[in-house]
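In what follows, a single structure is set out as structure tokens and then discussed.
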2 protein chains.
Amino acid sequence: MRTHYCGQVTEALIGQTVSVAGWVHRRRDHGGVIFIDLRDREGLLQVVVDPDTAEIFAKAEHLRSECVLHISGIVRARPEGTVNANLASGQIEMLAKELDVLSMAEPIPFQLDDKHVSEEVRLKYRYIDLRRDEMQKTLKLRYAVTRSMRNYLDNNGFIDMETPILTKSTPEGARDYLVPSRTHEHKFFALPQSPQLFKQLLMMSGFDRYYQITRCFRDEDLRADRQPEFTQLDIETSFMDENGVMGLMEGLTKTIFKEGIGVEFDYDFPQMTYADAIQKYGIDRPDLRIPLELVDVADLLQDIEFKVFAGPAKDPKGRVAALCVPGAGEMSRKEIDDYTKFVGIYGAKGLAYIKVNDIGAGIDGLQSPIVKFFPDQVMQILERVGAKDGDIVFFGADKAKIVNEALGALRVKIGEDRQMFTDKWKPVWVVDFPMFEEDEKTARVAAMHHPFTQPKATTEEILASKNPGQMLARAYDLVINGIEVGGGSVRIHDTNMQAAVFKLLGISDEDAAEKFGFLLNALKYGCPPHAGMAFGLDRLIMLMADRESIRDVIAFPKTQSAACLLTEAPGLVDIAQLRELNIRLNKKVSENAAS
Amino acid sequence: MRTHYCGQVTEALIGQTVSVAGWVHRRRDHGGVIFIDLRDREGLLQVVVDPDTAEIFAKAEHLRSECVLHISGIVRARPEGTVNANLASGQIEMLAKELDVLSMAEPIPFQLDDKHVSEEVRLKYRYIDLRRDEMQKTLKLRYAVTRSMRNYLDNNGFIDMETPILTKSTPEGARDYLVPSRTHEHKFFALPQSPQLFKQLLMMSGFDRYYQITRCFRDEDLRADRQPEFTQLDIETSFMDENGVMGLMEGLTKTIFKEGIGVEFDYDFPQMTYADAIQKYGIDRPDLRIPLELVDVADLLQDIEFKVFAGPAKDPKGRVAALCVPGAGEMSRKEIDDYTKFVGIYGAKGLAYIKVNDIGAGIDGLQSPIVKFFPDQVMQILERVGAKDGDIVFFGADKAKIVNEALGALRVKIGEDRQMFTDKWKPVWVVDFPMFEEDEKTARVAAMHHPFTQPKATTEEILASKNPGQMLARAYDLVINGIEVGGGSVRIHDTNMQAAVFKLLGISDEDAAEKFGFLLNALKYGCPPHAGMAFGLDRLIMLMADRESIRDVIAFPKTQSAACLLTEAPGLVDIAQLRELNIRLNKKVSENAAS
């Protein structure tokens with residue numbers, strides 16, 4: 001129907017007759033002539049409709065934005081002074097010789113270049129919203145990146161394989177989406193939170209290297225960067241350890257950044273232990289673009305009178321840390337108050353600070369409500385954090401968890417507010433994660449990654465472990481600019497070790513058999529050592545495309561209440577359908593409340 | 001961990017030290033030496049363990065089939081007389097110098113080369129079953145084909161895009177899988193039967209060419225070639241008509257056959273109308289490898305006394321057809337009886353036949369229980385079907401539907417039984433499908449393809465139609481060897497036409513608005529003409545890999561009762577989970593029956 005995409009009509013075609021098809025992006029009358037900017041996937045083309053071609057002109061007079069046209073015409077250079085350097089086709093225009101209206105458009109609910117459309121309206125009319133240049137670019141980038149991933153993995157001997165969507169509850173620990181079975185009365189499928197066990201089974205099946213770009217599902221209350229269904233690049237390899245997997249996935253990351261957005265990393269990604277990340281950045285996904293670090297000062301403050309610092313300094317579960325912000329000594333009272341409120345979100349009860357006016361003047365050169373409580377220690381603290389004149393030093397003193405979260409977040413907030421980024425991109429591997437974490441309230445032990453991760457310990461050590469919190473895991477995360485792009489681990493490939501980990505997690509033999517019996521069984525019949533990783537595709541694209549919301553990188557996303565505003569899913573269903581599934585509706589919560 | 005895959009160790013490596021990892025495929029002791037056939041994804045390698053290396057030998061003595069090993073050793077030529085020409089590595093062997101047992105295996109439930117393992121056992125221990133050579137080959141072919149498809153579509157400007165899995169009931173008409181929403185009380189998501197509406201919305205969004213290899217779901221009672229979840233190659237294009245789409249997809253088909261299994265089609269696929277297919281083959285997915293055709297003979301038999309033929313011959317909904325099988329005149333009474341039973345499955349009340357012994361002798365040269373009923377017409381019938389001496393001619397006379405199904409199936413059955421295939425591969429496009437079909441019982445009109453297919457008619461003609469059964473659709477199917485590989489259509493891109501089709505289908509305005517309101521709306525805001533197609537990937541791979549069951553081309557398939565024997569999905573869930581979803585279980589049907 002067309003000879004070229006609009007965006008492909010360039011000076012090379014001057015004098016030729018071409019035909020194009022697309023949407024009326026803009027129409028304007030100027031000097032008795034109608035100008036149409038016709039838009040398709042590849043760009044814009046200016047079409048000129050001359051009153052000499054009366055029939056076409058009559059059609060063009062009735063066109064609205066977003067009408068769909070098929071136009072043939074002659075390409076010619078634009079008159080001088082009307083060239084648009086911002087367009088590929090900006091040097092030329094097309095003089096219309098034939099024009100068909102393929103689809104008239106009613107007045108559209110919002111203009112494509114309107115930046116102030118609510119997200120609700122954008123999602124309801126997603127098919128219009130997706131025509132915007134930035135949505136087109138983002139989804140094309142998504143495609144370019146997945147294509148690049150596939151090519152890389154294809155070239156590295158990986159096999160793309162599919163795993164079931166209708167499956168069994170998987171052990172990620174989030175809430176499952178359930179699907180009632182019609183043929184197996186009162187039983188339910190679960191939608192997978194990840195293909196974890198199936199990919200391990202594929203290793204036991206001898207496929208050696210597997211990948212899949214696949215949908216995963218979690219029925220959780222949604223945050224800004226979560227969706228009920230999300231996409232994962234999932235890989236697994238046999239006979240490879242953590243270094244092998246990290247090397248491969250680092251190569252993949254470099255490839256997609258280069259091919260997707262032209263960013264080249266000409267260095268090996270650094271590695272950092274989990275313990276170091278927490279100590280220096282308060283978080284296991286540090287944003288290393290920001291050149292600020294938390295510094296422990298508890299050892300200097302254990303014996304002072306000031307309980308706010310001395311208490312946490314003496315508490316084994318406490319932490320006292322300082323964060324020096326160079327050149328921020330001019331910070332206003334209001335700013336400091338705002339940051340104090342900000343750390344309050346994370347449970348911090350206050351935000352002590354020292355402004356360093358003249359370090360040579362000793363304590364008199366400092367401005368601070370707290371230095372009076374530790375005059376003998378303050379200079380040593382300032383030396384330790386490397387404070388100079390004009391700096392400000394913040395303090396956190398509380399349970400370690402609160403200090404880490406509060407100062408970790410403050411570090412990023414200040415870094416962003418003051419535009420302190422040293423680099424555009426800062427990848428880092430975080431390694432040596434703890435194998436287990438203890439729930440503070442229940443004191444129950446849970447797997448930090450998942451229970452199929454291999455601990456850095458033997459089966460005997462696992463069984464004898466008195467302090468599982470100390471045990472490390474063969475797990476690794478890739479973090480870029482403070483965003484966890486992916487994570488993985490070496491898996492357990494031995495039945496006894498797997499049983500020992502289940503035991504430590506308090507999973508009874510019956511529960512283990514019921515939930516994971518097939519895996520424990522499979523481990524008995526020849527299981528290769530294996531390891532793998534998964535990348536969160538949506539978040540990765542959000543990062544690469546520099547978008548604020550994960551919903552901007554998904555063609556048809558759901559809202560934070562897990563609804564689709566376009567199709568109005570979820571919807572009501574017939575009672576007959578439910579009867580076939582042997583389920584019925586509970587009384588409405590509202591009705592229950594009323595009764 | 002390894003330097004080579006087992007199957008990659010060839011004569012080129014003689015004298016070198018290599019290391020490999022894999023499964024013990026076979027172990028045998030011969031002349032005081034232990035031979036291990038080590039297996040990995042790429043093949044087998046014969047490893048020799050010499051008693052001189054005592055430590056390794058001791059380990060090797062305890063190995064069972066399917067143990068996982070890591071072995072280093074020196075490659076050497078096999079002694080003369082022990083060369084195995086069937087293996088890539090059959091010229092050489094490896095003398096083990098180091099051997100680690102990575103995983104011991106318990107005795108496995110079945111041997112990989114045992115051809116008589118029940119499918120139930122194979123599915124329960126799928127991770128062992130998948131190690132079989134033929135399963136490895138089939139799933140690698142599946143990967144090769146999808147990769148080839150992607151490359152082809154990438155090269156043709158298609159964009160891989162994802163559509164939701166948690167969505168709204170779609171209009172394919174099969175039973176939906178439902179997913180209760182937790183956050184929207186008493187509402188349900190449906191799993192998509194296809195991405196039909198979303199891909200149309202992507203065309204309205206201006207992406208121009210879309211593809212996706214995606215999972216679809218139908219909660220139907222399963223036949224041999226159906227699965228509750230199945231995979232579809234789904235494409236859609238804007239500004240392209242049926243010829244454009246068929247051309248593209250024919251190109252894709254040729255590419256995947258060439259790259260996947262080395263089959264080259266050096267001709268354009270023929271096209272056949274639906275009406276012709278039914279007339280000649282009784283079915284809309286004809287197996288053209290079989291050189292037999294149904295021939296109408298009703299016109300010759302309307303006035304005879306024999307009601308069995310004359311009745312259907314006069315009935316406008318009846319059909320009388322003949323099927324001549326060349327050279328099958330020797331067919332035994334028992335064979336004919338068996339075929340009579342066979343057509344009975346399709347509702348045929350009998351199977352009349354004529355054996356042509358000596359056509360020159362006229363009616364006396366025929367052997368048949370029926371020729372006496374139409375002595376004056378028989379020679380003309382034989383002439384029309386082209387019968388020659390030694391042939392047999394079968395007859396079907398009944399409602400057209402029964403004759404078509406019975407003789408259509410008989411044609412294929414005889415073709416297979418007598419190995420009458422003229423070609424290994426016979427693709428054909430079937431076109432000009434009816435737009436609507438009438439349910440015989442309810443007399444209700446339904447869309448044959450789906451209600452978004454464009455009829456070969458204007459909106460006015462649709463609204464005025466008195467005989468929708470006559471209306472054709474701009475739909476097309478690709479059939480290879482009697483298997484429907486894919487189907488597609490030009491879609492409606494006009495609100496009024498879409499509304500007219502809904503009206504003809506008896507869908508009320510309210511229903512249309514509730515179910516497809518977003519589509520009707522979207523059509524108003526600038527919808528390009530568009531068309532698309534979907535290939536059933538599982539069936540296609542089954543065809544290309546020459547496998548009997550669709551379950552053999554899926555890594556983790558479900559049984560015909562929609563269960564996974566490996567993971568035992570679907571499973572029971574906690575009452576608490578159901579309470580969160582605001583649903584509960586109906587009384588068991590069995591309990592209902594008892595009460």
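In what follows, chains are A, B, ... by sequence order, proteins preceding strands, each numbered from 1. Please read all numbers here as calculations on a predicted model, not as lab measurements.
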- Message: Please identify which of these residues, B/L166, B/T167, B/D176, B/I165, meets the side-chain contact (heavy atoms from CB on, under 4.5 Å) condition with B/F189.
- Response: B/L166
- For the pair B/W23 (side chain) and A/G526 (backbone), establish whether a donor and an acceptor sit closer than 3.5 Å, ignoring hydrogens and angles. yes
- Among the listed options B/D40, B/L581, B/L130, the residue most often paired with chain A at heavy-atom distances under 4.5 Å: B/L130
- Item | Most chain B-contacting option - heavy-atom pairs closer than 4.5 Å, from A/L102, A/T495, A/I159 | A/I159
- Measure A/L585 against the heavy atoms of chain B and call it side chain, backbone, both or neither at under 4.5 Å. both
- Message: Taking side chain as everything from C-beta outward and backbone as N, CA, C, O, which of these in B/R64 sits under 4.5 Å from a heavy atom of chain A? Side chain, backbone, both or neither.
- Response: neither
- Message: So, applying side-chain contact (heavy atoms from CB on, under 4.5 Å) with B/L201, which one of B/Y210, B/F518, B/F207 is it?
- Response: B/F518
- Query: Are side-chain heavy atoms of A/K168 and B/C564 found at a separation under 4.5 Å?
  - Reply: no
- Max heavy-atom pairs within cutoff under 4.5 Å with chain A, candidates B/E568, B/E514, B/R209, goes to B/R209
- Item | A/R41 vs A/Y5 side-chain heavy atoms within contact, under 4.5 Å | yes
- Message: Can you tell me which portion of B/R215 sits under 4.5 Å from chain A's heavy atoms? Options are side chain, backbone, both or neither.
- Response: side chain
- Without swapping roles, check the side chain of B/D574 against the backbone of B/A576 for a donor-acceptor pair under 3.5 Å. no
- Query: B/L178 versus chain A, heavy atoms under 4.5 Å apart: side chain, backbone, both or neither?
  - Reply: both
- Under the 3.5 angstrom rule, does the side chain of A/H186 hit a backbone N or O of B/N586 as a donor-acceptor pair? yes
- Query: What part of B/L537 gets closer than 4.5 Å to chain A, counting heavy atoms only: side chain, backbone, both or neither?
  - Reply: side chain
- Query: Could you give the distance from CD1 (A/I575) to CD (A/Q577), rounded to the nearest 0.5 Å?
  - Reply: 10.0 Å
- Query: Quick one: what part of B/K515 sits under 4.5 Å from any heavy atom of chain A, side chain, backbone, both or neither?
  - Reply: neither
- Note on the structure: If you tally heavy-atom pairs under 4.5 Å between each of A/R126, A/H70, A/K558, A/M240 and chain B, the highest tally belongs to A/K558
- Of the listed B/E580, B/E229, B/E66, B/M161, the one with the largest count of heavy-atom pairs under 4.5 Å with chain A is B/E229
- Query: Are the side chains of B/L112 and B/R39 in touch, meaning some heavy atoms are under 4.5 Å apart?
  - Reply: yes
- Tell me, side chain or backbone of B/N521 under 4.5 Å from chain A's heavy atoms, or both, or neither? both
- Side chain proximity check, B/L572 to A/K187, heavy atoms < 4.5 angstrom: yes
- Query: So which of A/C67, A/A144, A/A522, A/S181 has the biggest tally of heavy-atom pairs under 4.5 Å with chain B?
  - Reply: A/A522
- Could you grab the distance from atom CD1 of A/I554 to atom CD of A/Q227, nearest 0.5 Å is fine? 4.0 Å
- Note on the structure: Residue from B/A555, B/S561, B/A563 scoring the most non-hydrogen pairs under 4.5 Å with chain A is B/S561
- Select one option (side chain, backbone, both, neither) describing which atoms of A/C527 are under 4.5 Å from chain B's heavy atoms. both
- Heaviest contributor of heavy-atom pairs below 4.5 Å to chain B, chosen from A/A105, A/S238, A/G244, is A/A105
- Query: Using non-hydrogen atoms only, which part of B/F158 is less than 4.5 Å away from chain A: side chain, backbone, both, or neither?
  - Reply: backbone
- Message: Heavy-atom pairs under 4.5 Å with chain A - which of B/L523, B/L519, B/T231 has more of them than the others?
- Response: B/T231
- Most contact-rich option vs chain B, by heavy-atom pairs under 4.5 angstrom, among A/R131, A/R182, A/E106, A/H184, is A/R182
- Output the option from B/E42, B/M1, B/E162, B/H493 having the highest count of non-hydrogen pairs under 4.5 Å with chain A. B/E162
- Item | Residue part contacting chain A, namely of B/P557, when any heavy atom lies under 4.5 Å | neither
- Task: Give, as side chain, backbone, both or neither, the part of B/R2 having an atom under 4.5 angstrom from any heavy atom of chain A.
- Result: side chain
- Given that the side chain runs from C-beta out, which part of B/D494 has a heavy atom under 4.5 Å from chain A: side chain, backbone, both or neither? neither
- Excluding sequence neighbours, so at least two apart, what forms ring pair (Phe, Tyr, Trp, His ring centres under 6.0 Å) with B/F556? A/F198
- Item | Closest approach of A/P109 to B/Y525 (non-hydrogen atoms, all atoms of both residues) | CD-CE2, 3.8 Å
- Pick one of side chain, backbone, both or neither for B/D221, based on which atoms fall under 4.5 Å of a heavy atom in chain A. both
- Message: Looking at A/D160 and A/R150, is any side-chain nitrogen of the basic one under 4.0 Å from a carboxylate oxygen of the acidic one?
- Response: yes
- Message: If I measure from the heavy atoms of chain A, does B/P164 come under 4.5 Å with its side chain, its backbone, both, or neither?
- Response: both
- Task: Heavy-atom distances under 4.5 Å only: say whether A/R175 touches chain B with side chain, backbone, both or neither.
- Result: side chain
- Query: Charged N to carboxylate O under 4.0 angstrom, A/D538 versus A/R142?
  - Reply: yes
- Item | Max heavy-atom pair count under 4.5 Å with chain B, selected residue of A/A562, A/S205, A/P528, A/A569 | A/S205
- Message: Heavy-atom cut-off 4.5 Å, strictly under: side chain, backbone, both or neither for A/R584 against chain B?
- Response: both
- Would you mind reporting whether B/C216 and B/P195 have side-chain heavy atoms less than 4.5 Å apart? yes
- Task: Please flag which part of B/M204 lies under 4.5 Å from any non-hydrogen atom of chain A: side chain, backbone, both or neither.
- Result: both
- Minimum side-chain heavy-atom gap B/L202-B/T163 below 4.5 Å: yes
- Interchain contact, B/Q200 with chain A, by part (heavy-atom threshold 4.5 Å): neither
